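Protein chains get the first letters and strands the later ones, always in sequence-line order, with residue 1 at the start of each. Any value given below was found using the heavy atoms of this structure, including those in side chains, with hydrogens, waters and symmetry copies removed. These figures come from a predicted structure and were not determined experimentally.
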There are 2 protein chains.
Amino acid sequence: MLTIGSLAKKTGTKVQTIRYYEQIGLMPEPGRTEGGQRRYGEAELDRLSFVRHARQLGFSLGAIRELLDLSDHPGKSCSEADAIARRQLKQVEQRLARLEALRTELKRMVLECSGGQTSDCRVLEVLRDHSECLTEHEEIGA
Amino acid sequence: MLTIGSLAKKTGTKVQTIRYYEQIGLMPEPGRTEGGQRRYGEAELDRLSFVRHARQLGFSLGAIRELLDLSDHPGKSCSEADAIARRQLKQVEQRLARLEALRTELKRMVLECSGGQTSDCRVLEVLRDHSECLTEHEEIGA
DNA sequence: AAATTACCTACAGTGGGTGTAGCTTTATGC
DNA sequence: GCATAAAGCTACACCCACTGTAGGTAATTT
């Protein structure tokens, strides 16, 4: 039986995060000691590992909920899980493309900065005037 | 003189976001009509364009605050702005590296899925067992 | 038995906004 | 000159995915 702290260590999760997952129904309510402390078994360790691994791969908690659900029903078709993964892959590829454009732009900004006064600073100038950009980088966030 | 709505349109910002920027002190308090509506001039349009452009390049609001401050003091050394941009470039490159690892992993997951039952699903299997991963992808988020 | 460590709940805060409710102001058409 | 509709106003709640804190209790170690 694992305490919440040792489960946290084993999975590289913060204790609060585990309690948070419980709160939002992603992790089950575990058993408790007489004194009211949580105790976990193998099943919970596996489930949390799954969640953390999926998070590392960039899946949202919503997607992870779906994946867990599929994982809990081994008879179901695999195609749903596959669709979720494909969706995720697509997102990752979109982000990659955007980040590559950003890198190009930032590199150019940095290279062109001659180190004088801010009035001549290319970094600030480029930020002031989008038309100086060589690449498109429209979307914000994510 | 621009209304908040036309400023929003010109800069591709939501009206609420402009008010939010004002609230957090990133945009100045503009003049008002007798009836209490905000009215903006060229200076505010330029400032908001700067902010939006920097956001598109992935700068945090904190970094943008610093950049605006530098931009307001044309005599200051450019090196600070340069340092902020370099920091940003580094972050972008780190994210790129991670995302590339994720793409590899997701691609592999999707390729190996044969389309049967979830009990045989490679997607779920890979998520269950990190040791099957070919790449490291430790950090979560961003 | 004391001290330390780990745990508990409840709540606030993070970043960067977005959405909503219920009102007032401004612009347009007749 | 007035009705109506569009756009504005404030204030607040909500989003994601956590993280941090305060004030207290349980479990472990010495």
Tell me the interatomic distance from Gln37(A), atom CD, to dA27(D), atom P, rounded to whole angstroms.
5 Å
Counting just side-chain N and O atoms, does Arg52(B) come under 4.0 Å of either OP1 or OP2 of dG16(C)?
no
How close or far is atom C1' of dT26(C) from atom CE of Met1(B), stated in whole angstroms?
17 Å
Please figure out whether Glu34(B) or Ser6(A) has its closest DNA chain C nucleotide nearer the 5' end.
Ser6(A)
Both Arg39(B) and Gly62(B) contact DNA chain C. Which one's nearest nucleotide lies toward the 5' end?
Gly62(B)
Per the under-4.0 Å heavy-atom filter, residues of residues 12-25 of chain B near DNA chain C come out as Lys14(B), Gln16(B), Thr17(B), Tyr20(B), Tyr21(B)
Are Tyr20(A) and Leu26(A) packed together at the side-chain level, in the sense that at least one heavy-atom pair is separated by less than 4.5 angstrom?
no
Between Ile84(B) and Leu70(B), is there a side-chain heavy-atom distance shorter than 4.5 Å?
yes
To the nearest Å, give me how far apart CD1 (Ile4(B)) and P (dT18(C)) are.
13 Å
Check the phosphate of dC7(C) against Arg38(A), side-chain N and O only, distance under 4.0 Å to OP1 or OP2. Yes or no?
no
For Arg38(B) and Glu44(B): C-alpha separation, side-chain torsions, deciding distance, then whether salt bridge (charged side-chain N to carboxylate O under 4.0 Å, His left out) applies.
CA-CA 11 Å; Arg38(B) 291 167 178 83; Glu44(B) 283 103 330; over 6 Å; no
Would you kindly give the NZ-to-C1' distance between Lys9(B) and dG8(D), to the nearest whole Å?
14 Å
Rounded to whole Å, how long is the line connecting atom CD of Gln56(A) with atom P of dC18(D)?
11 Å
Pair Arg19(B)-Glu22(B), salt bridge (charged side-chain N to carboxylate O under 4.0 Å, His left out): steps then yes or no
CA-CA 5 Å; Arg19(B) 291 198 280 246; Glu22(B) 181 184 329; over 6 Å; no
Taking only the side-chain nitrogens and oxygens of Thr33(A), find out if one of them lies under 4.0 Å from OP1 or OP2 of dA27(D).
yes
Between atom CD of Gln88(A) and atom CG of Leu102(B), what is the distance when rounded to the nearest 0.5 Å?
8.0 Å
Heavy atoms, side chains only, cut-off 4.5 Å: are Leu67(B) and Glu80(B) in contact?
no
Report yes if some heavy atom in the side chain of Arg39(B) is under 4.5 Å from a heavy atom in the side chain of Thr3(B); otherwise report no.
yes
Does OP1 or OP2 of dC7(C) have a side-chain N or O of Arg32(A) closer than 4.0 Å?
no
Output the distance between atom CZ (Arg52(A)) and atom OG1 (Thr13(A)), rounded to the nearest 0.5 Å.
4.5 Å
Return the angle between end axes of the helix from dA1(C)-dT30(D) to dC30(C)-dG1(D), with five pairs used per end and rounding to 10°.
10°
Separation of atom CE in Met27(B) from atom C1' in dG16(C), rounded to whole Å
16 Å
Nucleotide dG17(C), atom P - distance to CG of Leu48(B) in whole Å
11 Å
Nearest 0.5 angstrom please: Lys76(B) NZ to Ser71(B) OG, how far?
11.5 Å
Rounded to whole Å, CZ of Phe59(B) lies from P of dG16(C) at a distance of 13 Å
